[in-house]
Colleague: 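Please find one structure pasted underneath; my questions will follow.
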Protein chains: 2
Amino acid sequence: MMTTADHRKGPRRRGDALVNAILAATIDELREHGYAALTMDAVAERAGASKASLYRRWDCRAALVMDAVYQLAPLPYEIPDTGGLRGDLLAALRQTAATLQGPAGAALRGMLAEALPELDRVRQLRARSRGRNRDIMAEVLRRAVERGEIPPAAVVPTRLEVGAALLRNHYLFHNEPLDDGLLTDVVDDILLPLFGTVPQRSA
Amino acid sequence: MMTTADHRKGPRRRGDALVNAILAATIDELREHGYAALTMDAVAERAGASKASLYRRWDCRAALVMDAVYQLAPLPYEIPDTGGLRGDLLAALRQTAATLQGPAGAALRGMLAEALPELDRVRQLRARSRGRNRDIMAEVLRRAVERGEIPPAAVVPTRLEVGAALLRNHYLFHNEPLDDGLLTDVVDDILLPLFGTVPQRSA
DNA sequence: GTGCTAGAGTACTGGCAGTTCTCCAAGGAG
DNA sequence: CTCCTTGGAGAACTGCCAGTACTCTAGCAC
């Protein structure tokens, strides 16, 4: 009491309006500062919300970030169909590259760092993003087999992740843009030659 | 003065003895708790040193961890030579897998998380570890070309990192042991078929 | 011995995660 | 409209840890 005028004034958001503002603020912070430097205070202030509101909905920083990233890209399985394997592969890699270069990439870094104490969360992250990549790749290859571009035996599970793994590797290690030159190199030097052959079980 | 008996007693280590104790303590902490949960206080206490001694030598946590990890594996370029490409590739992948599964892997996770504010450090990390992998792979392939096992044109830069990238991907994402079954799959399903072909530049 | 260097111990600052409290909008029930 | 419940804003607080600063002293050179 005394002189402390209470300046808690409206308007006050609720429900989805509030949630969306918080998620948007999270994405912005992620984009600007990365995961390691993202603070709950900053998100709250940016969203014009209170920390208590954040913690009522998400039990920790990681959970908030994962939700924010995930709802950013709920793409309903857009599997490219360019009429040829090379075009399909390039389109698929471009999708993966775009995702990595956005806030999802920054989140990925952070999530991996906390992997030891938070194995479950990594499992979720994997199920969400990696699964989609594999599915897209499998479909692209199925079509190529159908068109007679590659032998059916060329499609084995181990190979499905090669493209995405190389992009992740490049992004996480080199920390450089995943430009189209890199993507075409991966397709022409690696994926096309690889899927033109069948695995050998030699000694 | 007064009753406060000063229990700061020797023996007191200096120079290399101290440095090595600190680095060893860092590795142990890394192994037990991972990077995110590694604290300077814990390292200092475990090493029987003071935090001031740590900060006199390393300017931050990341620098300490990097030094500890690096001095752990200063392997003087042991390039496997089993007499055949398949054996060489397997041996090379086993080396990479062993490194990743040790404390270096835990450190890797952490370093990636802090990549945005610490680009230089990532660059160092890359130069140290990735460079060696590439060199080993290049040598293994050079020998295979010499023996006539693969065509010279099969060896292009983009391909050199495929094996290591796949292992890193598996380790970071799946967080499961890199067992020999995985390694042979990578060699038989991917690397051998890949290096049996030359890149195509199609349209 | 004297003096210098450098390590041990420890107390401190400052920032952030996560908690808890109070006060008060928003919105529905009557 | 008023009453009441829900839940948001603000802010104070705990606890942890990075990094700093200062004191005292062991080890070493001379």
Colleague: So does A:R168 get a backbone contact from the side chain of B:R168, meaning a donor-acceptor N/O pair under 3.5 Å?
Modeller: no

Colleague: Quick one: A:W58 CH2 to C:dT19 C1', roughly how many Å, whole number?
Modeller: 18 Å

Colleague: To check you understand the geometry: which heavy-atom pair defines the closest contact between A:A42 and A:E29, and what is its length?
Modeller: CB-OE1, 3.6 Å

Colleague: Grab the CG-P distance between A:L18 and D:dG7 for me, whole Å please.
Modeller: 12 Å

Colleague: In whole angstrom, what separates B:R46's CZ from C:dG9's P?
Modeller: 17 Å

Colleague: Compare the minimum distances between each of C:dA8, C:dA17, D:dT20 and the side chain of A:K51, then state the nucleotide with the smallest one.
Modeller: C:dA17

Colleague: Which listed nucleotide (C:dA17, D:dA9, D:dA18) is nearest to the side chain of A:Y55?
Modeller: C:dA17

Colleague: Describe the nucleic acid contact of A:L38 in one word from base, sugar-phosphate, nothing, applying a heavy-atom distance below 4.0 Å.
Modeller: sugar-phosphate

Colleague: Rounded to whole angstrom units, what separation is found between the CD atom of B:E29 and the P atom of D:dC17?
Modeller: 11 Å

Colleague: Whole-Å distance between D:dT6 C1' and A:R57 CZ?
Modeller: 12 Å

Colleague: Which heavy atom in A:A44 sits nearest to a heavy atom in A:S50, and how many Å separate them?
Modeller: CB-C, 4.1 Å

Colleague: Which whole-number value in Å describes the distance from B:R61 CZ to C:dC16 C1'?
Modeller: 14 Å

Colleague: State, to 0.1 Å, how close B:D189 and A:L194 come at their nearest heavy-atom pair, and which atoms those are.
Modeller: O-CD1, 3.9 Å

Colleague: Pick the nucleotide of DNA chain C nearest each of A:A52 and A:M40; which residue has the one closer to the 5' end?
Modeller: A:M40

Colleague: Using the closest heavy atom to pick a nucleotide of DNA chain C for each, name whichever of A:D41 or A:R56 lands nearer the 5' end.
Modeller: A:D41

Colleague: Of all the nucleotides listed (D:dC17, C:dA17, D:dA9), which has the minimum atom distance to the side chain of A:S50?
Modeller: D:dA9

Colleague: It should be established whether A:S53 places a side-chain nitrogen or oxygen under 4.0 Å from OP1 or OP2 of nucleotide D:dA9.
Modeller: yes

Colleague: Between D:dC17 atom C1' and B:H33 atom NE2, what is the distance in whole Å?
Modeller: 14 Å

Colleague: Grab the CG-C1' distance between B:L54 and D:dC17 for me, whole Å please.
Modeller: 14 Å

Colleague: Taking all heavy atoms of B:P103 and all of B:R31, pick out the closest pair and write down the distance.
Modeller: CD-NH1, 3.6 Å

